[in-house]
Amino acid sequence: MGLETPLALMGLAAMAIPFLIHRMRQRELPRQPLPSIALLRLAHQSQRRKRRLSDLALLASRLSLLALACVAVGGPFVLRHVAWGQGEVVSLALVLDNSLSMQRPGSDGSLLDGAVARARAVVRSLPEGSQVALVAAAQPARIVVGRTSNLALALDALSPERLVTHAGTDLPRAVEMARRQLASARHGDRRMLILSDFAKHTRPERIAWPGDGTTVEFERLRPMASDLGNLWVEDARAAEDPSVPNRVSVAFEVRGQGRLAASFDALLMYEERTLAKAHLTLVHSRAKGILHASLPEMGGNPAAQLVLDVDDALAQDNQRAILLRDSQALQVTIINGDPRPNSPDDELRFLARALASADPGLLSYRILDAPALAAHSLAATDVVVLANAPAPLLETARQLERFVRRGGGLLVTAGPNFEPARYQERLPDLLAARPVQIAGGAQRGLRLGSHAPPRFRDLSGLARIETHRRLVLEDQDGETALSFPDRSPALVFSNVGRGRVALLATSIDDDWTDLPYRPGFLPLMLEVLRSLARLPMVHSRPVSPQSSVELTIPPGANLLEITAPDGSKTEFRAQEHPDDRVGFTGTRLAGAYRIRSADNTALRAWPRAAFVVAPPPAESDLTPGDVPVSDSGPARSASAGSQQVARRPLASMLFLLAGLAAALEGWLRLGHANALSRKVSRAAAERAL
Amino acid sequence: MPRQRSPRLDPDVARRVAHLRLRAEHTVAGILSGMHKSPHRGASAVFVEHRDYRPGDDPRRIDWRVYARNDRHVIKHFEQETQLCATLVLDRSGSMSYGPEHRGQSKAEYAATLLAATALILLKQGDAVAACAIDGSLRQQIPARRRPGHLQDLLVLLSKPAPEGAPTKLSVALREVAEMARTRGVVVFASDLLDFEDAALEGLSLLRARGHDVIVLHVLHGDEVTFPFGDPVQFEGLEQEPGLTTDPSRLRADYLAQMRRFLDTSRVQCSARGVRYTLARTDHPPERVLARALGRPRGGRWV
């Protein structure tokens, strides 16, 4: 403890004044003879016994009042160790680097753990009345807590779990945000504290330092093994082997920095299983490799992990999630209106065979009988084909309408089971044209209509198609893509809601036409199906951490669930997103994000919508940088966890205690006066002796 | 025998005696003016006993009824005919000299007034009156006399000022008084009783045991009873006790409690010994005090 003005203690000499006055007054007191002095002495002894304590209390209160006042005037203070600052009220902006490189192990947990602990200690050391703002420097930089005097709010936000990311660093932007937070701060003493590992990639030379008197301080977080190098996946891509079915090749590039082992293993892992492994050697800090593996039964998980088996400074960039299947494959549900298993009369005999020969990366289909449609979820379906199916039941009709209006595609093909009137009754809005009747008569060839998609022009054999039976259509508002020689519509498209429908006026088997025999049959069907499908937004390339990913809720689904690499789940409900588009921002961590969708029945995996988040390769270069020098004055560079000595003034507390001592004396004297008053009143009443 | 002249008095003594006589006469007049005249004249109405007629007795006092019954000449003997011997005891210790110079009389003067008035009454009744002054012991005494001129001697003794610092030792002094007052009678004792020894009032018991009728006039100054002091002072005793510097306002309540206790104790102790006790404050009219102390006259007699 110390005193600003030690001379003020001379005032303590004033404590002797009451004693001196008391002594002086005693010498000057008049003398009074009293015969009954013996009684007075008895009274004095009795009084002294009772008043000794209160007299002592009075004396103590007076002496303490004087002593406290003297010491308080002297400006007492105590020295205390504070985590940061001088114990004065300030406006502070904390810039905290929570990028991927801060995940390196530090002295106590990761560097981010250390930075958060240090930030919490700094905030706790701020005196009441200080302001604090918190800016996270992971890319994109963001304000975690705006400038506030509520220090508890800042402490609450300083949590490693809430701040951890695998993103890159944007220190210049973070400093700019911090500077703006301090621009209109309440206190004249403005400070900025930057907590980072200050690796080279933080690019401090790009920082525009505040020149308005703000004091900028830097504290470097140092990793445990500062001399250990780092290896990371620079790039990785998967492609299905075109020559071998169900086989995938993963090409990747690896880079390193610092002191590393010369060679290492690279593994392709799928759900704890090693699909492939390669041994690589670094040449000039780089290595490239290709891994070949058979595609596993993926179910709902389309992602594998490329893992580098190496001991380096940062483990989080030693693996990269990779999507094994092209997520752009078209999902088709075909309703077989005339199922005859293993029979050449099966309605889908030709279509199934044709689609089976198609690239599975382009199309995937499922065949159902008509009654099964009602129980089938269309959540993972892009297009429904009603192939010579009877008119659906009312509930199924409603299901189809919802599906189409939310973006699904519907192809209706004619055949003996197609009843125009019933279809008109059940699906009035889902028919691209109005079916009138079934008519006979030979028609040779199909002509391109006015609304034929461009690719239809590449179809061969259309001119020689023989059709002996067809559905007569009235083309009202539809788009005629193909027509018969007599100009009656053969294939009509139409938009319904956000979906698209098409009506083929003939069969897709050989009941009414020889179209299935023609070489143009498969391409035609594929093009029709593609035209009907509104493929959801997919992200075939990795996205950056902390970026917003736009996804669509598939037609037929009312719920979209996203599972992050750490297992956390985020749900989006279709009713809250009328346009079926959602923006997902929970991409803090690198890895594969899996999607599930649900309708009224069950939650199903939707692997085609999965995406990968990969950190920027530059963030993995952990080459140490220099602690920056700011223009605002000498930069303090202290190790995180250091403490300073600050003065804590005690004058106000001592003045408060002096006030209490004065109040105590007043109370004691008042108590005496009241008691005496009562006794005198009693004595006066008894004075008639 | 030639008449013994009183010695020529010192002028101061003479002045004091004159003042005392004046006060005593005034006091007695005050007493008498407040009382009804006794319906009885002359002889006391209190019959005590018969005795045989002796030549020289007043024939009017012959009880003719007895003669008629017993053929004996006897006369009635009344109370007033008892040869009353009164002893006035004045406490002249140092504490009795208290009395602010310009305010009222001292306790000793007040006590002397009371005793002088008592002497006046007794002498007028034809009683013999003795007097003595005490402090730590019996200091001065005058034997009992009945003649009117004896009052002067009494007044001289009573008016003598108390020596400064003389201590009070009632146990010794009253014992000596008891030795002096051999003839059974009345003892009137004026004192402030400021002797806190356990056996202080044992002398009163001795007097009572010897058949005396004891009257105690407890003389206290108004200041002692009310303790009117306010500012801090250095209190001093009057009998060489150690002083006490204090703030009277802080002690008043406790002092008054002590005074009450002292008065109660004095009254109880006197009462327990069969002593008639009267508080005599110097700020109260002495005639009122004396009237209270002596009570109503019975058979023309005050005591």
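Letters A, B, ... are given to chains in the order of the sequence lines, protein chains preceding strands, and every chain is numbered from 1.
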B:Phe227-B:Phe235 aromatic ring centre distance below 6.0 Å: yes
CA sep, side-chain torsions, deciding dist, call: B:Glu224, B:Arg281, salt bridge (Lys or Arg N to Asp or Glu O under 4.0 Å): CA-CA 9 Å; B:Glu224 293 176 287; B:Arg281 282 175 56 164; over 6 Å; no
Steps toward side chain to side chain contact (heavy atoms under 4.5 Å, CB included) verdict (B:Val89, B:Val188): CA-CA 6 Å; B:Val89 183; B:Val188 182; over 6 Å; no
Segment of [X] engaging chain A (4.5 angstrom heavy-atom cut-off):
{"X": "B:Phe262", "value": "side chain"}
{"X": "B:Pro248", "value": "neither"}
{"X": "B:Leu194", "value": "side chain"}
{"X": "B:Phe196", "value": "side chain"}

Cationic N near anionic O, under 4.0 Å, B:Asp213 to B:Arg276: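 Judged by the 4.0 Å cut-off on N to carboxylate O distance, B:Asp213 and B:Arg276 do form a salt bridge.
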Salt-bridge present (A:Asp189, A:Arg191; N to O < 4.0 Å): yes
Option in B:Ser95, B:Ala257, B:Ser97 with maximal non-hydrogen atom pairs under 4.5 Å from chain A: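 Winner by heavy-atom pair count: B:Ser95.
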